[in-house]
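In what follows, a single structure is set out as structure tokens and then discussed.
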Amino acid sequence: MCEPMTTGAAVGSFVAGQSAAALGASGFTWAAAMPYILAATSGAVSLAAQNQAAKGQEAVAKFNQKAAVAQAKDATQRGALEEERHRAKVRQVIGAQRAAMGGSGAVVDEGTFGDILFDTAQAGEMDSQMIRYNASAEAYGAKMQGLNYGMEASGARTARRWDTAGSLMTMGRYAYGAYGAGKKK
């Protein structure tokens, strides 16, 4: 796809060439051709501005997509780290419980003391699993946002191409009008 300024220059050259050809035709009037020439030139400038704006939207969407992917990776890493920290904390709590229970002279792994240690371990593991789940959900949300940004970038690129094609057709119509106006007597 041509750059907008290249496209604008090509259209402008075409219009100028057609105007020059029309100039050689008898009865050429600049007054009749000028509105078409100005419209085609204005269209080229507008096309360049639209193209740059669409490229900017595409670039922003691609940047946001990369940021969302990084955010998903960060959420996963933070979740794994927090999960491990929590498990270490639970191990410390269980160790402190065992030490306190052992100091009483009772058998630590049986009866009520065994139940308390089991409950602590089970509650700690449930919390660890919840930390993992929350991090996974956050990462999934960021990944989905990244996909949305990717589709936004693709849409901006497609819209830019269709807008360019439509603008070129419009400018061609004006260029042809300038050619026809220049040939009229």
- Query: Do E125 and H86 pass the side chain to side chain contact (heavy atoms under 4.5 Å, CB included) test, and can you show the C-alpha distance, the side-chain angles, and the key distance before you say yes or no?
  - Reply: CA-CA 9 Å; E125 183 57 26; H86 183 72; over 6 Å; no
- R78 and E84: CA distance, side-chain angles, deciding distance, salt bridge (Lys or Arg N to Asp or Glu O under 4.0 Å) verdict: CA-CA 10 Å; R78 280 186 295 110; E84 185 52 41; over 6 Å; no
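Shown here are the side chain to side chain contact (heavy atoms under 4.5 Å, CB included) partners of E152, two or more places apart in sequence or in another chain: A61, Y149. In this view, D109 and R98 satisfy the salt bridge (charged side-chain N to carboxylate O under 4.0 Å, His left out) rule, not counting sequence neighbours. For D163, there are no salt bridge (charged side-chain N to carboxylate O under 4.0 Å, His left out) partners at least two apart in sequence or on another chain.
Between S128 and E83 the shortest heavy-atom distance is O-CG, 3.7 Å. Pairing each heavy atom of Q65 with each of G146, the nearest pair is CG-O, 3.2 Å. When all heavy atoms of Q145 and A68 are compared, the closest pair comes out as C-CB, 4.3 Å. When all heavy atoms of A153 and E58 are compared, the closest pair comes out as O-CG, 3.7 Å. Smallest separation of non-hydrogen atoms from A135 and A75: CB-O, 3.5 Å. Considering every non-hydrogen atom in both V108 and L117, the closest pair reads CG1-CD1, 3.5 Å.
Here the CD atom belonging to Q71 is positioned 10.5 Å from the OG1 atom belonging to T76, to the nearest 0.5 angstrom. Atoms OG and NZ, from S154 and K62 in turn, are 9.5 Å apart once rounded to the nearest 0.5 Å. Between the CD1 atom of I131 and the CZ atom of R87 there is a distance of 8.5 Å, given to the nearest 0.5 Å. In this structure, K89 NZ and D127 CG are separated by 9.5 Å, a value rounded to the nearest 0.5 Å.
A single hydrophobic cluster is seen to contain both V90 and M101, as judged by linkage of ILVMFWY side chains at heavy-atom distances under 4.5 Å, directly or through other members. In this structure, L147 is a member of the same hydrophobic cluster as Y140, with clusters built from ILVMFWY side-chain heavy atoms closer than 4.5 Å.
Taking the charged nitrogens against the carboxylate oxygens, R132 and E82 have no contact shorter than 4.0 Å, which rules out a salt bridge.
In this structure, K55 and R160 have side chains that are in contact, with non-hydrogen atoms separated by less than 4.5 Å. By the 4.5 Å heavy-atom criterion applied to side chains, V69 and K143 are not counted as neighbours.
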